[in-house]
Amino acid sequence: MAFEGLADRLQGTIKKITGKGKVSEQDVKEMTREVRLALLEADVNFKVVKQLIARIKERAVGQEVMESLTPGQQVIKVVKDELTNLMGGEQSKIAVADRPPTVIMMVGLQGAGKTTTTGKLANHLRKKHNRNPLLVACDVYRPAAIKQLETLGTQLDMPVFSLGIEANPVDIANQAIAKAKEDHNDYVIIDTAGRLHVDENLMEELQQIKTDVKPDEIFLVVDSMTGQDAVNVAESFNEQLDITGVVLTKLDGDTRGGAALSIKAVTDKPIKFAGMGEKLDQLEAFHPERMASRILG
Ligand code: GDP
């Protein structure tokens, strides 16, 4: 499970301080030192760690007094608040267009889980929000990708729009939106092409689709198992496309959690969902506070 190492270490650190009736500056110093090491070991970006620790120190030393908590508990609350803020604070909702359909463009590197997440998101929109999405196959470079989306559509009993591999992705996206209007689909989820690495051709194509289609959301799908690489990928995609949110996949694996904890701080874009397995119902809305609680025990 994700964050196991980090959770173990932080919970150990917390135990030492929770019961304290008095917390000295030295205690805070020791605690933040341990938190810092635990975060670095979990592969959290070092700049992010530095800022976080500075904020924790500032608040923990000059902390506001809450009568219901012991000083030790108050320090822990500061750590939890700051971890929550780091991951985005409030849960971030999905956009709804003034006039349907709401268009969501899914982008990301090959293997990150983009196509699977397209299916999961469609399933989530139907189950939790009673929506009726159209899935769109814009990865014209890999016939297998179109097939994969069509298979997901069959499993979900949802329509998939595709024009095969001969058509231009921008045309496919435009025609799909026209079709969604005709058929009263209130969401259009566009599965775009991926590559093994960030490259110029891919970005150009994605920018063209973005300019033409004007999506309400651009979700970057990143594999949380890739650690700092995931953070770098998010930075590049955000620079080129000004994404609106991130979906972190494979949080069910034994990722150290660095990506989950750094991406919001580095890109200033919220993590909207977390992939928790390969199955179509294994997508969860990302709640920063719940995640912080999970980590801190
Ligand atoms: P794409 O190339 O980005 O479209 O990636 P795919 O959707 O084909 O996914 C690549 C692999 O990752 C597949 O084997 C998926 O089943 C798997 N995968 C996707 N999301 C998750 C997740 O949240 N957890 C796990 N364990 N596997 C996932």
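First listed ligand is number 1; within each ligand, the first listed atom is number 1. Treat the numbers as computed from the prediction; the structure is a model and nothing was measured.
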Counting only heavy atoms not in E90, do more than 12 sit closer than 6.0 Å to its CD atom? no
Close aromatic pair by centroid cut-off 6.0 Å: F273 and H124: yes
Identified side chain to side chain contact (heavy atoms under 4.5 Å, CB included) partner of I209 from the options K214, E204, M105: M105
My understanding is that only residues two or more places apart in sequence, or in another chain, count here; which of them pass side chain to side chain donor-acceptor pair (under 3.5 Å) with R195? D199
What pairs with H197 under ring-ring contact (aromatic ring centres under 6.0 Å, His included), at least two apart in sequence or on another chain? none
At less than 4.0 angstrom from any atom of ligand 1, which residues have a non-hydrogen atom? List them by chain and residue number. L109, Q110, G111, A112, G113, K114, T115, T116, K120, R142, Q148, T249, K250, D252, G275, M276, G277, E278
Those residues that, when tested against D242, pass side chain to side chain donor-acceptor pair (under 3.5 Å) (two or more places apart): K269
